[in-house]
Novice: 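Mind looking over this structure? Questions follow.
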Protein chains: 2
Amino acid sequence: MNADPNSEGGRKIRSVEISLNIIDRLQNEDRLTVGELARTLDHSKSTIHNHLSTLEQRRMIVRDETGYRLSLRLLDMANRVRSQVGNYEVINKEVETLAEETGEIAQFGIEEHGMVSYFEKERGNNSVETASRVGTQQPIYSTSLGKTILAFLPADRVEEIVAEASFEPKTTRTITSSDELYEELERIRDQGYGIDNEENIEGLRCVSAPVTSGDTVLGAISLTGPSSRFTHDKLHDELADAVTRAANVIELNTKFS
Amino acid sequence: MNADPNSEGGRKIRSVEISLNIIDRLQNEDRLTVGELARTLDHSKSTIHNHLSTLEQRRMIVRDETGYRLSLRLLDMANRVRSQVGNYEVINKEVETLAEETGEIAQFGIEEHGMVSYFEKERGNNSVETASRVGTQQPIYSTSLGKTILAFLPADRVEEIVAEASFEPKTTRTITSSDELYEELERIRDQGYGIDNEENIEGLRCVSAPVTSGDTVLGAISLTGPSSRFTHDKLHDELADAVTRAANVIELNTKFS
DNA sequence: GTGATCGTTCCTCTGGGGCGAACATATAAG
DNA sequence: CTTATATGTTCGCCCCAGAGGAACGATCAC
């Protein structure tokens with residue numbers, strides 16, 4: 001066990017952090033100027049200037065008459081990441097058909113940094129609006145995708161993740177202790193799919209099925225909808241079947257590495 | 001004039017460059033290990049280790065049982081960039097309809113770092129295969145998109161770009177001198193659209209129309225196809241009309257900043 | 001067993017890089 | 001016109017960040 005909670009891995013490199021802070025700022029607000037960045041990030045203009053120069057020469061950012069913004073190179077990088085992570089063709093197709101068939105939101109997620117990251121999202125005709133977007137993260141313990149992935153991860157990895165989890169209650173039903181979570185994971189392993197009963201967002205329920213290859217989880221696929229349409233029976237019956245079927249199709253079409 | 005050709009802007013920050021090199025390597029090959037990176041980038045393992053730690057804590061990369069890869073966060077960043085650059089909805093729709101109507105490749109590009117960056121690409125039913133992908137760059141002087149954008153950029157910016165241009169011949173028809181290029185830009189301004197007559201890839205021709213807002217160019221929209229189908233007359237007549245029409249639609253639906 | 005890898009941690013020592021001041025330009029207010 | 005405050009840029013100093021190297025522990029192959 002590690003006594004120091006903040007001793008995560010090696011030393012952090014300050015100048016890299018400055019550049020990453022600049023990138024973070026630019027991803028939220030484009031066309032920022034040297035002065036603005038220097039002020040908000042609390043560094044001298046010369047420092048920011050040097051960082052912007054290096055980032056521009058490496059084509060991460062672009063300058064424009066009104067300021068700096070992130071470069072389109074990120075679109076290429078994103079495409080490469082997509083093809084690295086998994087069989088995008090198959091996953092995309094299955095998420096799409098799932099959304100069409102049910103009319104709800106279908107998503108595919110993987111575990112990253114102890115959270116769920118959304119890899120693909122498709123909205124059906126009747127689907128509700130949610131804030132989740134491809135490439136964003138959600139807690140692993142309050143989402144069906146997260147819990148379902150967690151249920152099939154190796155035990156040591158699960159412990160690591162649980163140890164770092166904050167268990168912030170997102171709704172009144174959010175799991176707030178590791179004991180509860182471990183019970184839930186057991187249940188998911190038994191029934192083969194995971195449920196989110198308004199644990200992440202009030203009024204929304206989800207079902208997820210794991211996508212595995214051999215003994216490793218690649219991710220999970222889910223359906224999300226309002227509690228009014230996602231009744232207990234429907235959730236555990238036809239919707240659970242639908243996500244499980246989709247998960248199986250992805251598994252069959254995925255070459256294991 | 002500056003005597004030193006390498007004195008582009010401020011000082012380059014070494015540690016940022018190391019991290020960017022790591023990212024570059026990871027975007028080409030995923031699941032790289034500390035050792036591999038240390039070897040190929042010629043740094044000590046401890047150095048690489050520290051960089052990887054910082055990048056992981058900032059969620060730029062993820063570690064996996066087999067090594068490191070880029071994080072899905074990049075998908076989110078890419079989405080943000082897309083919405084920052086322009087009215088993605090409209091551009092996407094016009095590029096799509098252009099590809100459908102003609103059956104060829106339709107693309108939208110903007111200028112970045114003195115090159116054309118592809119913002120959107122759509123392939124029609126009869127379209128040829130090309131290597132260009134969204135987020136990648138091509139020379140500005142050998143593509144119709146590039147030349148068309150260049151033709152409507154402010155004079156001083158054009159000079160900057162031309163001064164930095166390498167004029168590498170991609171085919172026998174590539175423009176290889178600034179004088180030729182300036183003539184070509186004049187021609188494009190006269191006729192209102194730009195042509196690529198096998199200047200970038202042997203056997204391929206393109207037509208592009210500029211998308212402007214007030215007196216600034218936002219980018220250009222193009223059609224690409226084989227010279228056999230893209231005859232001289234068709235190119236200057238119906239295809240030029242098609243891209244011009246699409247450009248106008250985008251202009252009308254784009255709020256100027 | 002040995003000899004490779006793998007990743008991690010620590011210490012040392014130097015030059016990289018953050019800071020601040022001075023420098024250009026530019027638009028605005030007086 | 002001057003003064004003022006904004007912008008981005010360049011330069012040099014001085015110190016600590018950060019790259020390197022060695023030693024460590026853990027695996028895996030033989």
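To find a chain, count down the sequence lines: A is the first, B the second, and so on, and within it residues start at 1.
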Novice: What is the ring orientation for B:Y141 with B:F167, classed by angle as parallel under 30°, tilted 30 to 60°, or perpendicular over 60°?
Specialist: tilted
Novice: Under 6.0 Å from the CG atom of B:D190, do we count more than 12 heavy atoms belonging to anything else shown?
Specialist: yes
Novice: Donor-acceptor pair under 3.5 Å: do we get one between B:S46's side chain and the base of D:dG20?
Specialist: yes
Novice: Looking at B:E111 and B:R157, does any basic side-chain N land under 4.0 Å from a carboxylate oxygen?
Specialist: yes
Novice: Looking at C:dC19, C:dG17, D:dA19, which one has an atom nearest to any side-chain atom of B:I13?
Specialist: C:dG17
Novice: Is A:R39 near enough to D:dA6 that one of its side-chain N or O atoms lies under 4.0 angstrom from OP1 or OP2?
Specialist: no
Novice: To the nearest angstrom, how far is B:K45 atom NZ from D:dC24 atom P?
Specialist: 14 Å
Novice: Under 4.0 Å, heavy atoms only, any strand: does A:T33 hit a base, just the sugar-phosphate, or nothing?
Specialist: sugar-phosphate
Novice: Whole-Å distance between C:dC6 C1' and B:D64 CG?
Specialist: 15 Å
Novice: Look only at the side chain of B:T136 and the backbone of B:S132, and say whether a donor-acceptor pair between them is shorter than 3.5 Å.
Specialist: no
Novice: Side chain of B:V34: nearest nucleotide among D:dG20, C:dG20, C:dT8?
Specialist: C:dT8
Novice: Within the structure, does a side-chain N or O atom of A:H51 lie under 4.0 Å from either OP1 or OP2 of C:dG18?
Specialist: yes
Novice: With heavy atoms under 4.0 Å as the rule, sort B:T47 into base, sugar-phosphate or nothing.
Specialist: base
Novice: How long is the span from the CD atom in A:E112 to the OG atom in B:S71, to the nearest 0.5 Å?
Specialist: 4.0 Å
Novice: Check the distance between C:dT8's P and B:I48's CD1 and give it to me in whole angstrom.
Specialist: 13 Å
Novice: Let me know the distance between CD of A:E65 and P of C:dA26, rounded to the nearest Å.
Specialist: 16 Å
Novice: Just by modelled atom types, is the B:Q84 backbone N or O under 3.5 Å from a matching donor or acceptor in the A:R31 side chain?
Specialist: yes
Novice: Do A:R189 and A:E186 meet the salt-bridge criterion of a basic N to acidic O distance under 4.0 Å?
Specialist: yes
Novice: Tell me: NE2 of B:H43 to P of D:dA17, nearest whole Å?
Specialist: 20 Å
Novice: When you look at A:L37 and A:N21, which way does the side-chain contact (heavy atoms from CB on, under 4.5 Å) test go after all the steps?
Specialist: CA-CA 9 Å; A:L37 285 165; A:N21 283 333; over 6 Å; no
Novice: Select one nucleotide: of C:dT8, C:dC11, D:dT9, the one nearest the side-chain heavy atoms of A:R11.
Specialist: C:dC11
Novice: Applying a 4.0 Å non-hydrogen cut-off, can you work out what B:S15 is touching in the nucleic acid: base, sugar-phosphate, or nothing?
Specialist: sugar-phosphate
Novice: Rounded to the nearest Å, what distance is computed from the NZ atom of residue B:K12 to the C1' atom of nucleotide D:dT10?
Specialist: 18 Å
Novice: From the options D:dC11, D:dA19, C:dT8, select the nucleotide whose nearest atom is closest to the side chain of B:R14.
Specialist: D:dA19
Novice: Let me check I have this right: for DNA chain D, each base becomes ., (, ), [, ] or |, based on Watson-Crick or G-U pairs with both distances under 3.5 Å. What is the full string?
Specialist: |||||||.||||||||||||||||.|||||
Novice: Could you check which of D:dT7, D:dA19, C:dC19 has an atom nearest any side-chain atom of B:I18?
Specialist: D:dA19
Novice: How many Å lie between NE2 on A:H49 and P on C:dA21, as a whole number?
Specialist: 18 Å
Novice: To the nearest angstrom, how far is B:N50 atom CG from D:dG21 atom P?
Specialist: 14 Å
